[in-house]
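Worksheet: one structure, shown below.
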Amino acid sequence: MTVQENLSDINLKIESACRRSGRKPEDVSIVAVTKYVSIERAEEALEAGIHHLGENRLEGAMEKFDAIGSRAVWHFIGSLQSRKVKDMLHAYDYIHSLDRLSLAKEIQKRAEEGRTVSCFVQVNVSGEESKSGLDPEKTRSFIEELEQYPAVKVVGLMTMAPYAENPEEVRPFFQKLRELRNEIRSLDLPWAPCTELSMGMSNDLEIAVEEGATFVRLGSSLVGSEE
Ligand SMILES: *Cc1c(COP(=O)(O)O)cnc(C)c1O
């Protein structure tokens, strides 16, 4: 399947989920997760009209970044080691995996003078041990503490739901992330507008959109998962 064909199906799903939940499709941005695919396939996504590309590792992504550069908006969606920040920060527009103060401190240290780095705070809403992210109970105080790192701007919250045969099962996790986002947004913290919700992958796209996702991260259903 071409990316364009996959995208047509995905757009129909987003439109119907928006209709069911009274939302506007233009409020949902698609991040094409290109971690398993070639530069050519990533280019195909851009040609299909997608602007946002997501990668979860530094290896491999840098080649794509060199080839594509600022023709895409780049999202780092994987877990991020502090010592890697200095090599990746210039390439990415968004980091979806901010989950500890030591990482915020490193971003502060490595960001170019005057730049604010758009970050999602990753929350482990399901409480699964294998998932990274903050405990929901600790998210608010974590974000309040980020005031000391002015290079970090919290644009929203991100979560990964557990895989479920029936995606309906993950709805409570997305609801919880939205409630937490609403709570933090209402604090009006200058460093944390927290308007966005990065949630929803190939398997649970429609549920995530119904529950308010503003960035969905799609790999296998959009660009494929193997070469
Ligand atoms: C791989 C990945 C995705 C995309 O997953 P698909 O199920 O292939 O759509 C989304 N988010 C994160 C954090 C990922 O690592």
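Keep in mind that this is a model prediction, so the values were computed, not measured. Numbering of ligands and ligand atoms starts at 1, following listing order.
Geometrically, ligand 1 and Lys35 share a nitrogen or oxygen pair separated by less than 3.5 Å. For Ser202, a nitrogen or oxygen atom sits less than 3.5 Å from a nitrogen or oxygen atom of ligand 1, counting backbone and side chain alike. Residue Met201 has no N or O atom closer than 3.5 Å to an N or O atom of ligand 1. At least one N or O atom of Ser220, backbone or side chain, sits closer than 3.5 Å to an N or O atom of ligand 1.
In this structure a side-chain-to-backbone donor-acceptor pair under 3.5 Å is present from Ser97 to Gly78.
Only side-chain heavy atoms of Met160 come within less than 4.0 Å of ligand 1; its backbone N, CA, C and O stay farther off.
Classification of the Trp74-Tyr92 ring pair by plane angle, with boundaries at 30° and 60°, yields perpendicular.
The shell of residues lying under 4.0 angstrom from ligand 1, judged by heavy atoms, includes Leu218.
The Arg217 neighbourhood of ligand 1 comprises atoms 4 (C), 9 (O), 10 (C), 11 (N), 12 (C), 13 (C), with distances under 4.0 Å to a heavy atom of that residue.
The only member of Val73, Val216, Asp93, Leu46 that meets side chain to side chain contact (heavy atoms under 4.5 Å, CB included) when paired with His52 is Val73. The only member of Glu196, Glu183, Glu210, Glu211 that meets salt bridge (charged side-chain N to carboxylate O under 4.0 Å, His left out) when paired with Arg178 is Glu211.
Around atom 13 (C) of ligand 1, the closest heavy atom drawn from Ile77, Leu222, Val216 belongs to Ile77.
The stretch residues 72-90 participates, sequence neighbours left out, in these salt bridge (charged side-chain N to carboxylate O under 4.0 Å, His left out) pairs: Glu59-Lys84.
At a threshold of 4.0 Å, the pair Lys176-Glu179 does not count as salt-bridged, since none of the basic side-chain nitrogens sits closer than that to a carboxylate oxygen.
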